[in-house]
Structure formats: C-alpha cells, structure tokens
Amino acid sequence: MYKYEFFNYLDSLIADAQTGILATVDENGRPKMRWMTPATLKDRQGFIYCVAAKSSKKIDELNKNPRVEWMIQSRALDRIINIKGYVNIIDNPSMRTEILDAIGRRLNVFWKINFEDTEFVVLETVLEEAVYFEPMKGRTEKIYFGEEDK
C-alpha cells in the first residue's frame, strides 16, 4: 500500500466514525484506553491530532511515556486501522485554533467533561507504523512511516 492510499483510508475512516480509541500507558505501566475525537490536517500527513485538557491524567501519562496506539474503525466495522506512534504535546495558540477549526463542532463530550477546566493542549501523534485491516475481505496491510520505512 502506498502512503497516500493509507492517508486516504485514514481520512475516510475518521470522516465516517468521527471518533477513535487512543491507548496510553498509565503510571503503573498498564494500558489506558479512551474515546477521542481525532483529526488529520491535509498539509500535515503523518500525524493525527486531538485535544486534551491541560490538567488531565492523560497529559501526565504522556509526559512520562509518549508511546500510544490508536484504533479507528468504520461504523460498519468493515475497515479498521491500528496506528502506533508517539505524542508531542503542543501548547500553541495557533495550533489550538487550527485544530478547533477542524474538530471543534465534534467536541461536545469534551466540553461537557471539561466544563470547569477549559484550558487544553493539542496532542500530535507522530505515526510510526500502521495496520490497515478489512476483516470481511481478509485483507491486512502494514505500513511504516519515517526513518523506519521498510
């Protein structure tokens, strides 16, 4: 699979599901999964973006261990992508505005949970490898990004 094909699949899945599951590692070294609202930006392929409350446990976890895994799937469960990478925490007004423009209308749950703490940061996941899976077709493809291109 070519990288541009993968990014088209990823964009399509995010548009369909509008959510994804993000797995981090907690202070005890155990996985912690959360529903998130991901976005990609056309001029920044190779990254997934989302937001988090500045004072959340998620930020503490990512400061200690930035390794993450995403699972994004279609609503019909006929296409699934698992992505491994690491997160950069970005506290930049310009980037916050850009991400809010991309996903702001889909952040209803985020604002309900964080109604008292509205300070947030952008989580930029740098993609390292991904698996694209179509279970009904028996299709599985792995793709690598960055220095680990294979």
Side-chain angles (χ1 to χ4, degrees), residues 1-53 56-92 94-111 113 120-150:
M1 174 184 298
Y2 295 106
K3 288 181 185 176
Y4 74 87
E5 290 176 291
F6 170 81
F7 291 120
N8 287 338
Y9 287 136
L10 178 61
D11 288 341
S12 170
L13 283 178
I14 290 173
D16 178 46
Q18 299 187 1
T19 59
I21 298 172
L22 177 67
T24 59
V25 179
D26 72 13
E27 64 276 359
N28 298 314
R30 299 181 59 91
K32 172 85 185 218
M33 296 187 297
R34 299 165 175 92
W35 287 102
M36 300 294 288
T37 303
T40 55
L41 301 175
K42 294 292 181 200
D43 59 336
R44 293 191 183 115
Q45 285 191 337
F47 304 95
I48 296 175
Y49 296 92
C50 62
V51 298
S56 68
K57 280 193 75 145
K58 184 183 317 113
I59 297 302
D60 293 338
E61 293 168 1
L62 291 168
N63 278 322
K64 291 176 185 157
N65 185 346
R67 296 280 174 205
V68 298
E69 184 165 354
W70 281 92
M71 182 172 70
I72 301 170
Q73 60 194 30
S74 65
R75 288 185 286 173
L77 303 177
D78 60 346
R79 297 173 295 141
I80 302 164
I81 293 178
N82 287 79
I83 300 165
K84 292 181 181 176
Y86 62 91
V87 167
N88 293 317
I89 299 169
I90 302 172
D91 190 4
N92 173 292
S94 174
M95 187 59 131
R96 285 194 301 264
T97 299
E98 189 171 358
I99 296 305
L100 279 181
D101 286 345
I103 62 172
R105 66 190 175 283
R106 295 188 283 137
L107 291 176
N108 295 336
V109 173
F110 176 81
W111 296 123
I113 293 170
F120 69 94
V121 292
V122 173
L123 304 182
E124 175 186 68
T125 303
V126 180
L127 281 58
E128 294 181 309
E129 65 180 69
V131 175
Y132 176 79
F133 183 45
E134 290 180 359
M136 301 308 288
K137 295 181 180 177
R139 177 182 178 194
T140 302
E141 293 199 41
K142 194 168 194 174
I143 185 166
Y144 297 90
F145 304 94
E147 293 178 22
E148 296 179 12
D149 282 356
K150 296 181 180 179

Any [X] side-chain heavy atom under 4.5 Å of [Y] side chain:
X: Ile21; Y: Trp70; result: no
X: Lys58; Y: Leu123; result: yes
X: Ile83; Y: Phe145; result: no
X: Leu41; Y: Ile99; result: yes
X: Thr37; Y: Val51; result: no
X: Ile103; Y: Tyr49; result: no
X: Phe7; Y: Thr40; result: no
X: Leu10; Y: Ile48; result: yes

Decide side chain to side chain contact (heavy atoms under 4.5 Å, CB included) for Lys42 and Asp11; before the verdict, give the C-alpha distance in whole Å, the side-chain angles of both, and the deciding distance to 0.1 Å.
CA-CA 9 Å; Lys42 294 292 181 200; Asp11 288 341; 3.0 Å; yes
Show the numbers, then the answer: is there a side chain to side chain contact (heavy atoms under 4.5 Å, CB included) between Asn65 and Thr24?
CA-CA 8 Å; Asn65 185 346; Thr24 59; over 6 Å; no
Can you tell me if [X] uses its side chain to pair, donor with acceptor, with the backbone of [Y] under 3.5 Å?
X: Asp16; Y: Ser12; result: no
X: Glu141; Y: Met1; result: yes
X: Asn92; Y: Ser94; result: yes
X: Ser74; Y: Arg79; result: yes

In Å, rounded to the nearest 0.5 Å, how long is the span from [atom1] of [X] to [atom2] of [Y]?
X: Lys142; Y: Phe6; atom1: NZ; atom2: CZ; value: 12.5 Å
X: Leu22; Y: Met33; atom1: CG; atom2: CE; value: 10.5 Å
X: Glu134; Y: Leu77; atom1: CD; atom2: CG; value: 13.0 Å
X: Leu13; Y: Asn8; atom1: CG; atom2: CG; value: 11.0 Å
X: Glu128; Y: Lys84; atom1: CD; atom2: NZ; value: 10.0 Å
X: Glu69; Y: Glu129; atom1: CD; atom2: CD; value: 8.0 Å

So, for [X] and [Y], which heavy atoms are closest and what is the spacing to 0.1 Å?
X: Ala102; Y: Ala39; answer: CB-CB, 4.4 Å
X: Gln73; Y: Ala17; answer: O-CB, 3.1 Å
X: Ile72; Y: Gly20; answer: CG1-CA, 4.1 Å
X: Ser56; Y: Ala53; answer: OG-O, 2.9 Å

Salt-bridge contact Asp26-Lys57 (side-chain N to carboxylate O under 4.0 Å):
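The answer is no: the pair does not qualify as a salt bridge.
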Identified salt bridge (charged side-chain N to carboxylate O under 4.0 Å, His left out) partner of Glu61 from the options Arg30, Arg34, Arg67:
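Among the candidates, only Arg34 passes.
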Determine whether Phe120 and Leu100 satisfy the following criterion, side chain to side chain contact (heavy atoms under 4.5 Å, CB included), listing intermediate values before the conclusion.
CA-CA 11 Å; Phe120 69 94; Leu100 279 181; 3.5 Å; yes
Is the Tyr132 ring parallel, tilted or perpendicular to the Tyr9 ring (thresholds 30°, 60°)?
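Tyr132 vs Tyr9 ring planes: parallel.
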Can you label the angle between the Tyr2 ring and the Tyr4 ring as parallel, tilted or perpendicular, going by 30° and 60°?
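Taking Tyr4 first and then Tyr2, their aromatic rings lie parallel (interplane angle under 30°).
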Side chain to side chain contact (heavy atoms under 4.5 Å, CB included) between Tyr86 and Thr125, worked out
CA-CA 5 Å; Tyr86 62 91; Thr125 303; over 6 Å; no
